[in-house]
Amino acid sequence: MKYQAPRGTYDILPEDIKKWHYIENIIRKLTSLYNYSEVRTPIFEQLDLFQRSVGEDTDIVEKEMYTFEDKKGRNLALRPEGTASIARMVAERNLQSSKKEPLRLWYEGPMFRYSRPQKGRHRQFYQFGVECIGSPKPIVDAEIIAIGWQILQEAKVPDVSLEINSVGCPDCRDKYNILLKNFLYKDRDKYCEDCQRRMEQNPLRVFDCKNNICRHLIVNAPRMLDNLCEECAQHFKEVKKNLEMMNVPFTVNPEIVRGLDYYTKTAFEYKINYLGAQDALGGGGRYDGLIEYLGGKQIPAVGLSMGLERIILSLEKSGFSFPEEDNLEVFIIPIGAEALQASIDMMQELHKADISAVVADENSSIGNNLKLCDKNNVSFAVLIGGNELKSGLYVVKNIKKKSQSEVIKEEVINFIKTNEGVA
Ligand SMILES: [Zn+2]
Ligand SMILES: [Zn+2]
């Protein structure tokens with residue numbers, strides 16, 4: 001074997017694509033019902049965009065980015081997540097300037113992170129995201145949270161729970177950081193090296209550390225949620241009230257801080273019981289400062305993102321049977337080369353009627369071609385040979401019913417349409 005897919009990547013095979021289509025169709029449907037428009041941004045961006053927006057001292061930027069220099073020496077990176085590109089697009093194109101309603105956008109596509117591959121975690125993975133840009137109102141936070149919730153419900157993902165928190169605004173966070181720093185400094189030397197560095201630059205980040213010692217040390221740390229300013233506290237109260245009005249069940253978890261620098265106020269995660277442990281399917285939050293930070297206007301925004309692999313994996317684990325996609329409907333079997341033109345004409349007529357059809361190998365035996373019908377789960381075979389050409393009557397076999405009829409050439413499409421689904 002000469003080549004294999006790079007470590008941490010994988011192929012989506014024909015027999016698996018139905019799973020992707022299934023969840024993608026639900027995403028399309030729900031985002032459309034809430035009037036969100038799809039956007040597609042480049043797969044690579046300036047490296048600096050992610051360093052600024054995701055944050056220099058995050059695992060993503062420090063360890064996990066695919067970075068490269070192009071032939072002109074520009075520093076670029078494959079996108080590790082989607083929100084930075086959306087914020088860059090809004091800032092660059094001034095998209096929010098003339099609109100009174102918030103801008104409602106969604107995206108889906110591959111993201112790239114150099115992390116240790118494991119089940120459900122890949123170096124190229126697929127994410128979708130929903131972003132509402134231009135409104136500071138708590139109802140919009142609730143709308144975003146509800147869309148993600150509804151997508152998971154509609155997709156029948158089992159045992160999902162929703163946890164929400166507030167990470168405050170720059171005002172209350174500055175005051176809180178001092179409190180938190182004082183707490184962390186008491187046991188400064190006991191934390192891992194990363195955390196010791198992080199407590200200087202961004203002490204909130206210590207909550208993200210996966211190290212067990214750090215996790216244990218931080219259990220009794222003061223929480224942002226207990227130290228919100230009045231405006232942030234009021235905002236959080238209304239988000240909770242609006243979620244109740246929308247019948248979206250949630251619990252408050254003060255540990256949800258999200259790994260990225262740009263979040264303000266609301267932060268949330270959708271959790272599942274994943275491979276025996278609680279894990280996040282995705283989440284999001286408000287990022288009121290990001291667009292301005294990237295050179296745009298001061299535009300408030302809120303969004304979510306979720307990984308498709310984990311949604312699919314949790315459905316597979318629950319034994320969910322994904323809806324089958326359409327098989328080939330008609331296999332046209334020319335009996336000898338003289339029937340090839342008539343077979344191709346028949347195929348093109350069927351395509352015009354939106355019926356899938358291909359022409360079989362005219363040199364293969366009828367028996368072999370009929371065997372292929374069974375193998376490929378074909379519904380009908382149309383046999384065209386010398387006799388059929390003369391009489392204008394084609395033999396149509398209903399493969400599943402194991403019956404056959406002679407049908408006038410011009411009536412074949414009607415015949416297939418009326419017998420469709422009859423097995
Ligand atoms: Zn605040
Ligand atoms: Zn640590």
Side-chain angles (χ1 to χ4, degrees), residues 54-64 113 115-116 135-142 144-145 164-243 252-268 277 279-280 284-293 298-303:
V54 179
E56 292 271 16
D57 51 351
T58 55
D59 272 359
I60 295 176
V61 166
E62 279 180 350
K63 301 170 188 165
E64 297 178 349
R113 288 185 201 174
S115 56
R116 197 170 63 80
S135 169
K137 300 261 164 55
I139 185 88
V140 174
D141 305 43
I144 287 285
I145 296 171
I164 64 169
N165 187 25
S166 175
V167 295
C169 64
D171 270 358
C172 47
R173 207 183 295 168
D174 280 352
K175 288 175 198 143
Y176 166 74
N177 276 344
I178 296 168
L179 276 180
L180 181 59
K181 259 186 193 172
N182 287 339
F183 174 88
L184 296 171
Y185 272 46
K186 279 189 300 188
D187 291 312
R188 190 170 199 286
D189 300 337
K190 293 182 187 161
Y191 289 87
C192 76
E193 259 177 51
D194 280 346
C195 283
Q196 292 192 27
R197 191 167 36 78
R198 284 164 184 173
M199 39 182 101
E200 309 288 340
Q201 291 152 357
N202 193 346
L204 208 60
R205 183 94 342 112
V206 178
F207 284 106
D208 291 339
C209 187
K210 309 249 169 3
N211 184 310
N212 276 333
I213 298 169
C214 301
R215 292 182 87 134
H216 186 74
L217 285 167
I218 205 159
V219 166
N220 293 315
R223 298 295 182 178
M224 186 69 244
L225 194 59
D226 303 318
N227 293 281
L228 296 175
C229 69
E230 204 175 308
E231 192 204 317
C232 288
Q234 183 61 28
H235 186 95
F236 192 55
K237 202 172 132 192
E238 287 188 35
V239 171
K240 290 189 286 185
K241 197 176 80 190
N242 291 328
L243 284 174
V252 173
N253 178 356
E255 286 186 31
I256 305 277
V257 293
R258 304 292 296 161
L260 313 181
D261 262 358
Y262 49 64
Y263 286 107
T264 51
K265 294 182 176 158
T266 313
F268 59 92
D279 206 348
R286 181 164 273 288
Y287 50 98
D288 288 346
L290 180 62
I291 295 166
E292 184 181 28
Y293 187 58
Q298 205 288 313
I299 301 169
V302 54

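Side-chain atoms are counted along with the backbone in the values below, which use heavy atoms only and exclude waters and symmetry mates. In listed order, ligands and their atoms are each counted from 1. Numbers here are sequence positions counted from 1.
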Apex the Zn ion (ligand 2); atoms Cys214 SG and Cys195 SG; angle rounded to 10 degrees: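 Taking the Zn ion (ligand 2) as the apex, the two atoms subtend 110°.
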Metal-centred angle, the Zn ion (ligand 2) as apex - SG of Cys209, SG of Cys192, 10° resolution: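 Centred on the Zn ion (ligand 2), the SG/SG angle is 110° (to 10°).
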Opening angle at the Zn ion (ligand 1) [SG, Cys169; SG, Cys232; to 10 degrees]: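 With the Zn ion (ligand 1) as the vertex, the angle is close to 100°.
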Residue pair Gln234, Glu230: steps toward the side-chain hydrogen bond (donor to acceptor under 3.5 Å, both in side chains) verdict: CA-CA 6 Å; Gln234 183 61 28; Glu230 204 175 308; over 6 Å; no
Electrostatic pair Lys137:Glu238 at N-O distance under 4.0 angstrom: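 Salt bridge absent between Lys137 and Glu238.
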Ion pair Lys63/Asp194, N-O distance below 4.0 Å: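 So Lys63 pairs with Asp194 through a salt bridge.
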Residue that, paired with Asp141, satisfies side-chain hydrogen bond (donor to acceptor under 3.5 Å, both in side chains) out of Lys265, Arg286, Lys240: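 Option passing the side-chain hydrogen bond (donor to acceptor under 3.5 Å, both in side chains) with Asp141: Arg286.
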